[in-house]
Amino acid sequence: MAREIRTRFAPSPTGDLHVGNIRTALFDWAYARHTGGKLIFRIEDTDRERVTDEYIARAIETLKWLGLEWDEGPEVGGEFGPYLQSQRLDIYTKWAKTFLENGDAYNCYCSTEELEARREAQRASNQAPGYDGKCRSLTPEEVSKFLAEGRKPVIRMRMPDGETRFTDLIRGEVVFEHKYVPDFVLMRADGSPLYTLAVAVDDVLMKVTHILRGEDLLSSTPRQIRVYQAMGLATDELPAFAHLPFVMGTDNTKLSKRNGEVSIAWYREEGFLPEAICNYLALLGWSPGDDKENITMKELVELFTIERVNSSPARFDMKKLEAINGDKIRALTIDEFLTRALPFLLKEQVVKGEESEIEVVRKALPIIQERIARMKEVVPMLRFLFVNEVTFDDESAAKVNEADSKKVISTAIEALSGLSLWSHGEIESALRKALIEGLGLKPRNAFGPVRIAVTGSHISPPLFESMELLGKERSMARLESAVR
RNA sequence: GGCCCCGUCGUCUAGUGGCCUAGGACUCUGGCUUCUCAAGCCAGCUACGAGGGUUCGAAUCCCUUCGGGGCUGCCA
């Protein structure tokens, strides 16, 4: 029986999770689900000056919101925990010591200043900058001298001569000659581990079989493999690597958290649905293969394979995300739509949450469902139903105040005042009769002024349905006030 | 500079030697529909970075070149 596939998503939450992080998490998740394997969620917080508990909590929350459930990790536990690296420090220390004892690593007494100076010299003489191996084989006398100077050593991994060769699942065979991979630091003088140590140790201990991660980590792979080897893993026990292409900004620069639009929290506030974000992100670097792009999470799981992941970087396109989001919104049942729309209406205080209000919203949703691309848009779309008086923007105000408009609205008032049944059908036929037949107006010119008077804007949901929802009394009041 | 990765419409992509006078989606443009805005439908614009090979035949294989990106940290 083949061993169970285990992937991991291991962010370092130095800020809110962003688009690139989530795309990686999505692929990790989809691959684990597709293969019936496990997804491990691990927090890489070895740099506690930059990673805060607040960011960790937000990362957990974001993943849950997107529906990317993990099998092992924070909150759910698992047999290979803990899943916060800051709680695993003794493990890293133990391995670093082992490496030291076995001669795979050595104490390095060079100071940051000395290293920097030597790197400068290397650059100046056109050599590849990197650790020069100065402390690789210190004599006991040299060590005593350094210690006497009060120096505290870091632990540095020894890269042997030769090369590292591995098959990236996305890019094929990749070779790094070790002369371009200098000895690297595993542990600081204060005993805190570095990423290179912690990531490799954890992937081994957590029995990760497939490492899907950003392509920026591609050139650190030889170092990671070196740690595996020092831990005693045989070549056929190494995890498989798949380096995902970047998600770039529209301007072709790498997306970064410096840019406000990358934070997933922002997309949530704007009203992008989690399934739309996942669907769109899945298309960045992967494709279902046929011409169907609008897929469900279930379909993504069924179709996702690493073979179909691209190797070239993708640009993030807000327009396409919006289009997919609109499609997802239109696919919602009214109950689902209501559940998702309500938080936006409550937050902007369009409604207070009373039963009667929610009933109005429920009735109004069908007529705006195909008119919005972001959930947030329900707010401007429905606000007119819940205010006492509409307010006009400059353009609408000018339009409604024209003499022709006042005449149209007056005529509409006469036509509507006698209506006993206030339904959109009745309203429509009464207005058509009075304005189009009666005044000989084109529909556009006839209904425009009425629309502005009733909804406050020349852009609104369908007029007759809107008036029905508003009710006769309030509709008439708005018309009256517009001609006053 | 060195090492590594990448290169099909504006964007995301399909394409693994003939089905490609390169398909789909988003955007954009025009039209239809129409009470506004949308949605929907139809049509259109636009691409294999360049140059050499290999082959009867190349977007697909090879080489060179150009361009973009990453790494080159006691960040991850």
Side-chain angles (χ1 to χ4, degrees), chain A residues 10-12 14 44-47 49-51 108 110-112 115-116 119 122-123 126-131 154-156 168 170-172 174-177 179-182 184-190 192-196 198-199 213-222 243 245-246 248 250 252-254 280 283-294 308 310-324 326-327 330 367-373 377 381 428 431-432 435-436 442-448 450-452 455 457-466:
Chain A
S12 179
T14 54
E44 310 241 331
D45 60 344
T46 51
D47 187 352
E49 299 201 351
R50 296 171 62 213
V51 178
C108 172
C110 299
S111 70
T112 309
L115 291 172
E116 190 47 48
R119 263 197 289 271
Q122 287 168 327
R123 265 190 281 266
N126 230 347
Q127 296 171 55
Y131 189 68
V154 301
I155 299 175
R156 197 178 278 277
D168 186 280
I170 293 170
R171 288 149 213 284
V174 184
V175 185
F176 289 90
E177 292 182 57
K179 61 179 173 181
Y180 302 117
V181 186
F184 55 96
V185 176
L186 297 169
M187 192 162 264
R188 298 186 182 90
D190 67 2
S192 62
L194 263 52
Y195 166 80
T196 12
V199 72
R213 54 167 18 168
E215 112 171 58
D216 50 335
L217 271 346
L218 183 58
S219 36
S220 83
T221 306
H243 287 94
F246 283 125
M248 318 282 280
T250 313
N252 206 25
T253 60
K254 192 184 170 189
Y280 174 65
L283 266 19
L284 256 30
W286 175 84
S287 91
D290 57 18
D291 289 339
K292 191 184 176 196
E293 288 193 333
N294 188 322
R308 295 212 59 84
N310 253 21
S311 53
S312 51
R315 245 76 39 187
F316 183 85
D317 181 6
M318 184 76 78
K319 283 274 181 33
K320 183 148 181 173
L321 202 212
E322 224 168 31
I324 289 177
D327 286 341
R330 269 167 250 131
I367 63 173
I368 65 165
Q369 190 164 22
E370 66 188 26
R371 295 184 155 69
I372 63 171
E377 294 171 54
M381 279 284 184
E428 176 168 8
L431 287 179
R432 280 190 186 279
L435 303 178
I436 300 193
K442 288 182 177 171
R444 165 184 293 269
N445 298 327
F447 302 130
V450 180
R451 176 189 311 285
I452 295 172
T455 69
S457 170
H458 63 284
I459 299 172
S460 83
L463 178 59
F464 316 118
E465 284 84 350
S466 296

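Chain A is the first sequence line, chain B the second, and so forth, proteins listed ahead of strands; every chain is numbered from 1.
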With a non-hydrogen cut-off below 4.0 angstrom, is A:Val199 in contact with a base, only sugar-phosphate, or nothing? nothing

Nucleotide B:C26, atom P - distance to CD of A:Glu322 in whole Å: 13 Å

Output yes when at least one side-chain N/O atom of A:Arg119 is less than 4.0 Å from OP1 or OP2 of B:G73, else no. yes

Considering every strand and a 4.0 Å limit on heavy-atom distances, what is the contact class for A:Val174: base, sugar-phosphate, or nothing? sugar-phosphate

Check against side-chain contact (heavy atoms from CB on, under 4.5 Å), A:Tyr131 and A:Val185: CA-CA 10 Å; A:Tyr131 189 68; A:Val185 176; over 6 Å; no

May I ask you to say what A:Arg188 touches in the nucleic acid, namely base, sugar-phosphate or nothing, with a heavy-atom cut-off under 4.0 Å? base

Of all residues at least two apart in sequence or in a different chain, which pass the salt bridge (charged side-chain N to carboxylate O under 4.0 Å, His left out) check with A:Arg432? A:Glu428

Would you kindly give the CG-to-C1' distance between A:Leu217 and B:C71, to the nearest whole Å? 10 Å

Using the C1' atom as the point on both nucleotides, what is the distance between B:U34 and B:C42, in whole Å? 16 Å

Testing B:C74, B:C6, B:G1 for proximity to the side chain of A:Pro129, the answer is B:G1

Distance test, side-chain N/O of A:Asn310 to OP1/OP2 of B:A14, below 4.0 Å: yes

Is there a Watson-Crick or G-U wobble partner for B:C66 with both distances under 3.5 Å, and which nucleotide is it? B:G7

Which comes earlier along RNA chain B counting from the 5' end, the contact point of A:Cys110 or that of A:Pro245, where each point is its nearest nucleotide? A:Pro245

Side chain of A:Glu293, base of B:G24: donor and acceptor closer than 3.5 Å? yes

Against the side chain of A:Leu284, the closest entry in B:G69, B:C12, B:C71 is B:C12

Which whole number of Å gives the distance between the C1' atom of B:U8 and that of B:C3? 28 Å

Establish, from distance only, whether the side-chain atoms of A:Arg188 and A:Ser192 form a donor-acceptor pair under 3.5 Å. yes

Spatial distance of atom CE (A:Met381) from atom OG (A:Ser457) [nearest 0.5 Å]: 9.0 Å

Quote, to the nearest angstrom, the C1' distance that separates B:C48 from B:C56. 22 Å

Interatomic distance, A:Arg213 CZ vs B:C5 P [rounded to whole Å]: 15 Å

Please encode protein proximity along nucleotides 43-49 of chain B as a string of B, S and -, counting only heavy-atom distances under 4.0 Å. -------

Check every strand shown and say whether A:Gly285 touches a base, only sugar-phosphate, or nothing at a heavy-atom separation below 4.0 Å. sugar-phosphate

Short side-chain N/O contact from A:Thr46 to OP1 or OP2 of B:A76, under 4.0 Å: yes

Figure out the CG/P separation between A:Leu218 and B:C6, and round it to whole Å. 8 Å

Which one is paired to B:C41, where only Watson-Crick or G-U wobble pairs with both distances under 3.5 angstrom count? B:G31

Would the distance check show the side chain of A:Arg171 and the main-chain N or O of A:His243 forming a donor-acceptor pair, the cut-off being under 3.5 Å? yes

Out of B:G1, B:C71, B:G7, which nucleotide sits closest to the side chain of A:Ser312? B:G7

What distance, rounded to whole Å, do you find between the two C1' atoms, one in B:G24 and one in B:G67? 27 Å

Kindly point out which of B:G1, B:C75, B:C5 is positioned nearest to the side chain of A:Glu215? B:C5

Using the C1' atoms only, state how far B:C74 lies from B:U60, rounded to an integer number of Å. 47 Å

Check every strand shown and say whether A:Val154 touches a base, only sugar-phosphate, or nothing at a heavy-atom separation below 4.0 Å. base

Remember a base hit wins even if backbone is also touched, and classify A:Leu431 as base, sugar-phosphate or nothing at under 4.0 Å, heavy atoms. nothing

Rounded to the nearest Å, what distance is computed from the CG atom of residue A:Asp216 to the C1' atom of nucleotide B:G73? 15 Å

Between B:U21 and B:G2, how far is it from one C1' atom to the other, in whole Å? 45 Å

Rounded distance (Å) that lies between atom C1' of B:C5 and atom CZ of A:Phe176: 8 Å

Salt-bridged, A:Arg123 to A:Glu116, with N to O below 4.0 Å? yes

Per-nucleotide protein contact string for nucleotides 27-39 of chain B, where B marks a base within reach and S marks sugar-phosphate only (heavy atoms under 4.0 Å, - for neither): S-------BBBBS

With rounding to whole Å, what would you report as the distance between B:G68 and B:U11 at their C1' atoms? 16 Å

Output the rounded distance in Å from CZ (A:Phe316) to P (B:U13). 13 Å

Partner nucleotide, any strand, of B:G1 [Watson-Crick/G-U, under 3.5 Å]: B:U72

Roughly how far apart, to the nearest Å, are B:C9 and B:C20 at atom C1'? 14 Å

